Participant: 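One structure, pasted below without further comment.
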Amino acid sequence: MEISTKYDPSQIEQKWYEHWLKNKFFSSKPDNREPFTIVIPPPNVTGVLHMGHMLNNTIQDILIRRARMQGKNACWVPGTDHASIATEAKVVNMLKEKGISKKDITREEFLHHAFAWKDKYGGIILEQLKKLGASCDWDRTRFTMEEDLSAAVIDSFIHLYKKGWIYRGVRMVNWDPIGKTALSDEEVIFKESQSKMIYVKYKLKDSEDALVVATVRPETIPGDVAICVNPNDERYKHFIGKTVIVPLVNREVKVIADEYVDMEFGTGTLKITPAHDIADYEIGMRHNLPIIDTIADDGTMSEAVGITKYIGKDRFWVRREAIKDLEEQGLLVKIEEYKNQVGTSERTGAVIEPKLSMQWWLKMSEIAKPAYENVMNDTIRFFPEKFKNMYRSWMENPRDWCISRQLWWGQQIPAFYLPNGEVIVAKDKKEALLIANKGLTNVDGFILAAERGNIPYSDIPALYTENDLTQDEDVLDTWFSSWLWPISVFDGFKDPNNADIQYYYPTNVLVTGFDIIFFWVARMIMAGYEFKGKLPFKDVYFTGLIRDKLGRKMSKSLGNSPDALRLIDLYSADGVRFGVLYNSPAGNDVLFDTGVPKSQKQEDIDAFIQDPDSHNSKLCEQGRNFTNKIWNVFRLLKTFEVSDSVELPNTALVIDWFEANFNQALSEIEDHFEKYRLSEALQAVTKLFWDDFCDWYLEIIKPVYGKPINKIVYEKSVEFLDRLLRVLHPFMPFITEEVWQNIAPRQENESICVAEYPKVNTFDKTILQEAELAFEMVKRLREARNSRKIQQKVRIDMIIKAISKTIADVYIKWMPIIEKLANVEFKGSVKDLSESNADSVKIVLQNGSEASLSIFIPEGLKDEERKKAKEDLEYYKGFKESVTKKLSNEKFVANAKAEVIENERKKLADAEAKIKALEEIIQQ
RNA sequence: GGAGUUUUAGCUCAGCUGGUUCAGAGCAUCUGCCUUACAAGCAGAGGGUCGGGGGUUCGAAUCCCUCAAACUCCACCA
């Protein structure tokens with residue numbers, strides 16, 4: 001049957017993925033092999049595959065597939081994250097479209113909708129990962145909000161509360177008025193913003209005098225409770241203790257003094273609004289000032305603002321309105337343009353409102369210590385290392401983590417309140433009730449059931465019923481569940497000594513974007529040491545961010561993120577894996593072009609594919625082309641007619657060369673893997689396959705058309721291909737499987753994904769050097785042919801003149817190969833140029849390392865060749881001079897290493913030989 | 001404001017211990033080829049004062065200083 005010249009991945013990729021699943025190649029159970037474990041950074045359950053995931057998961061898949069082939073027990077645990085704030089926002093929107101408002105339904109009803117929605121749309125991303133070829137153990141798929149993982153979160157909360165590291169308190173928090181929840185400091189992104197600095201007059205009571213105060217937030221004026229100046233500021237000393245009138249609301253407040261105020265900034269006066277600014281809050285505390293909270297949870301002005309027309313209006317509307325009102329009242333002095341940093345919510349993009357509220361916190365000082373030390377001392381290694389700096393700066397002074405969120409989608413905080421306000425932390429209401437009725441309290445106001453002592457429960461008079469207990473309404477930050485991920489996916493909380501956790505933990509490597517180094521990586525390390533007493537992973541591979549051509553981060557709002565699945569459709573999963581990895585060293589950002597066309601029209605797709613500016617699509621295209629190349633190698637070998645009656649050809653030497661070359665390349669590739677230089681590993685594999693195997697090896701062994709191939713050569717070639725496919729398999733799993741399956745007879749349940757990964761053998765370096773000489777000569781001959789426009793098919797005669805006998809012997813040994821590749825006929829060697837035909841042409845090997853070589857082709861010397869030879873002569877003369885100078889420098893000879901000096905001597909000899917040869921050519 | 005990273009060919013990047021694997025790769029460009037596996041291919045070629053300046057050294061893309069530009073993280077002054 002005719003095999004197509006083009007590789008068509010559309011059916012093939014799916015076919016093999018099903019084969020892998022059917023045979024359970026990806027499933028892992030503890031056994032006596034060495035484990036190799038990766039836990040996936042769980043994507044949002046409602047997310048869809050984007051470029052970041054592709055890069056990230058391609059890398060994980062490469063590492064896990066390679067380990068699996070190396071005979072390790074490879075286990076890649078997949079799963080999803082409930083992503084409380086993002087998912088809740090999506091569910092709220094979905095309900096809104098149905099005409100349901102969150103505030104009109106109960107928590108239970110909401111969760112019911114949310115779970116239904118999650119069941120319907122959740123996990124799409126995992127299906128998409130399968131398209132990419134991800135070899136996860138799907139039977140192990142976990143979800144951060146499933147029962148066992150939620151229980152783990154509750155357990156860890158109780159554990160930390162018991163230790164006194166979790167506390168509850170009223171503090172200034174970052175309030176997200178769209179998500180209507182508190183956020184941790186890490187979830188706040190500061191963005192530069194063009195603001196207006198408003199200079200406002202605060203009149204002194206019973207005086208014509210006034211203080212001018214600068215603010216960017218005039219809408220908070222109604223919350224002012226003082227004006228503050230620096231006690232050392234001569235300008236304002238006499239105002240301290242006086243009373244001023246707050247504009248708009250005409251409240252009387254005092255002028256106070258605090259060193260915090262920067263005399264140089266603005267007018268040197270600061271209005272104090274403790275409810276809406278962190279610094280103001282602290283000053284307020286120091287001076288016992290009242291707090292007037294004028295902004296409601298949704299970012300509108302509350303009743304407390306005291307101005308009817310402001311109540312219920314958005315803070316930004318009020319800001320503009322307040323400026324107008326101030327102007328009308330003659331209190332506006334001036335307005336200046338001003339650039340400042342405004343905090344926004346990482347998830348909703350809302351401008352953060354500093355707000356005072358009761359939240360739960362995790363004290364970081366203790367838990368961070370081992371996490372800090374073990375990264376600094378390389379117990380946990382970071383790749384690339386530069387991220388240690390970033391980690392250090394954050395971990396040296398970690399701030400307490402606000403872990404409560406005013407949401408419903410997440411683990412509800414296991415804190416229960418008695419009617420008297422007492423708090424009981426317990427895993428559920430039943431246990432809380434037990435504790436409550438025991439009537440015992442420890443210093444923290446609670447005691448765990450396990451510590452109740454020996455009194456039978458029935459003997460204790462019931463003080464409370466379940467109805468007396470109210471559970472805290474808040475849920476926990478999503479990261480408070482994902483930080484347990486490497487432990488909880490193996491049920492390390494539910495059953496701390498189970499076989500899985502013992503076997504798979506700690507995991508080998510974590511692959512993630514550096515943007516979540518604090519959110520997730522740092523906290524997983526803390527959790528690992530706290531809950532398992534051990535690191536969660538040995539290595540961390542940080543990927544860069546994927547950016548568009550303009551260097552912008554890819555985001556939905558910019559619309560610059562290509563549709564990952566369209567890319568796969570266009571270039572195949574193998575092609576995209578290649579493209580996304582080929583130029584993406586660890587931790588460096590990857591520039592990826594955007595414009596995958598939305599249109600399905602063929603001409604639009606063609607236009608896109610052919611767009612020369614489309615850089616990374618270009619790389620995907622290269623990847624796709626590579627699959628096609630591999631496909632055609634397969635076709636070539638299939639067309640060979642194999643015969644054991646054909647003699648071993650005189651080019652069979654190339655088999656030894658490729659054997660050595662393969663091992664040398666493989667050892668380089670191993671080294672790249674060792675250091676997580678995956679991009680370079682892929683480049684090396686590509687070179688080995690494409691350049692070395694296809695362009696040199698196969699061209700040499702390829703029999704003349706219509707002639708059969710020697711059996712030994714054929715079998716050796718198939719074996720080489722087999723090995724190459726294995727090395728390439730982790731990078732491009734589908735095409736390698738397809739060819740591997742067809743190149744030799746295979747059993748029904750066989751697969752390259754569990755075939756043995758080649759090991760590095762010792763290799764003959766001499767043959768590599770010889771080949772280099774021979775191949776160099778082939779290139780020179782081709783160049784000569786090109787420059788004098790001799791057609792490929794014209795066979796030309798040549799004679800050689802080598803300077804040294806050893807070199808000449810090498811050429812003669814490799815001559816059958818040279819003859820075949822350059823389409824020349826060797827007519828023997830000469831000792832002296834004068835023996836040669838007068839019409840001969842000499843071409844000097846320029847990079848021919850050890851010796852010069854003249855090649856004679858019975859065609860006339862071209863003028864430009866003579867010109868070039870003259871240029872080269874000049875270059876080598878200069879070169880010789882510099883080397884001579886170096887060698888006559890006493891300091892050099894005294895200081896440089898022996899081999900360096902030896903090398904210089906060699907260079908000198910080389911240069912002299914070349915000069916001689918070039919001079920001969922030019923004279924001709 | 002504090003810290004870090006980057007700057008090498010038109011583009012994206014290698015260059016790991018100062019010295020011929022030291023100026024490299026891929027893409028793009030140019031020139032030949034539809035050579036019976038592959039035009040999604042093959043064979044060649046031309047592109048670079050290694051951001052500027054100074055220093056250390058026999059020797060610097062590589063080490064030090066300095067300036068310039070870009071990026072990132074942390075902190076944040078109304």
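Quick note on labels: first sequence line is chain A, next is B, and so on, each numbered from 1. Keep in mind it's a predicted model, so treat the numbers as computed, not measured.
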Participant: Is A:E776 salt-bridged to A:R780, cutoff N-O under 4.0 Å?
Facilitator: yes
Participant: Checking A:R217 now: which residues fulfil side chain to side chain donor-acceptor pair (under 3.5 Å) with it, not counting sequence neighbours?
Facilitator: A:E219, A:E353
Participant: Which of residues 187-197 of chain A sit near RNA chain B, with a heavy atom under 4.0 Å from it?
Facilitator: A:F190
Participant: If you only use heavy atoms from C-beta on, which nucleotide in B:C42, B:A45, B:C74 is closest to the side chain of A:F518?
Facilitator: B:C74
Participant: Are A:F382 and A:F387 an aromatic pair by the rule of ring centers under 6.0 Å?
Facilitator: no
Participant: Going by the rule side chain to side chain donor-acceptor pair (under 3.5 Å), which residues pair with A:N174 if we only count those two or more places apart in sequence or in a different chain?
Facilitator: A:D185
Participant: Sequence neighbours excluded, which residues qualify as ring-ring contact (aromatic ring centres under 6.0 Å, His included) partners of A:F626?
Facilitator: A:F578, A:F689, A:W690
Participant: Looking only at atom P, what distance separates B:U56 and B:U12, rounded to whole Å?
Facilitator: 36 Å
Participant: Apply ring-ring contact (aromatic ring centres under 6.0 Å, His included) to A:F265 and list each qualifying residue two or more places apart in sequence or on a separate chain.
Facilitator: none
Participant: Which atom pairs link the protein and nucleotides 2-10 of chain B when you take only N or O atoms and keep those under 3.5 Å?
Facilitator:
none

Participant: Not counting sequence neighbours, which residues clear ring-ring contact (aromatic ring centres under 6.0 Å, His included) with A:F518? List them please.
Facilitator: A:W394
Participant: The criterion is ring-ring contact (aromatic ring centres under 6.0 Å, His included); which residues satisfy it with A:Y372, sequence neighbours excluded?
Facilitator: none
Participant: Starting at the 5' end of RNA chain B, what dot-bracket string do you get if Watson-Crick and G-U pairs under 3.5 Å are bracketed, crossing pairs use [ ], other-strand pairs use | and unpaired bases use dots?
Facilitator: (((((((..((((.....[....)))).(((((.......))))).....(((((..]....))))))))))))....
Participant: Nearest to the side chain of A:N625, heavy atoms from C-beta on, is which of B:U72, B:C16, B:A40?
Facilitator: B:A40
Participant: Once each nucleotide of nucleotides 31-39 of chain B is scored for protein heavy atoms under 4.0 Å, what B/S/- sequence comes out, 5' to 3'?
Facilitator: ----BBBBS
Participant: Inspect the contact between A:E336 and A:K196 and indicate whether a charged nitrogen and a carboxylate oxygen are less than 4.0 angstrom apart.
Facilitator: no
Participant: What distance, rounded to whole Å, do you find between the two C1' atoms, one in B:A25 and one in B:U66?
Facilitator: 33 Å
Participant: Scan A:R399 against the nucleic acid and name what it touches under 4.0 Å (heavy atoms): base, sugar-phosphate only, or nothing.
Facilitator: sugar-phosphate
Participant: With C1' as the reference atom in both, quote the distance from B:G44 to B:U49 in angstrom, rounded to an integer.
Facilitator: 28 Å
Participant: Write down the protein N/O and nucleotide N/O pairs, taken from nucleotides 57-64 of chain B, whose separation is under 3.5 Å; answer none if there are no such pairs.
Facilitator:
unit_1: B:C58; atom_1: O2'; unit_2: A:N889; atom_2: ND2; d: 3.0

Participant: Could you tell me how far B:C65 sits from B:A75 if I compare only their P atoms? Round to whole Å.
Facilitator: 28 Å
Participant: Once side chain to side chain donor-acceptor pair (under 3.5 Å) is applied, do any residues pair with A:T686, and if so which ones, sequence neighbours excluded?
Facilitator: none
Participant: Taking atom types as they are modelled, is there a donor-acceptor pair under 3.5 Å from the base of B:C73 to the side chain of A:E186?
Facilitator: no
Participant: What's the gap between B:U6 and B:G51 when it is taken at their C1' atoms, as a whole Å value?
Facilitator: 11 Å
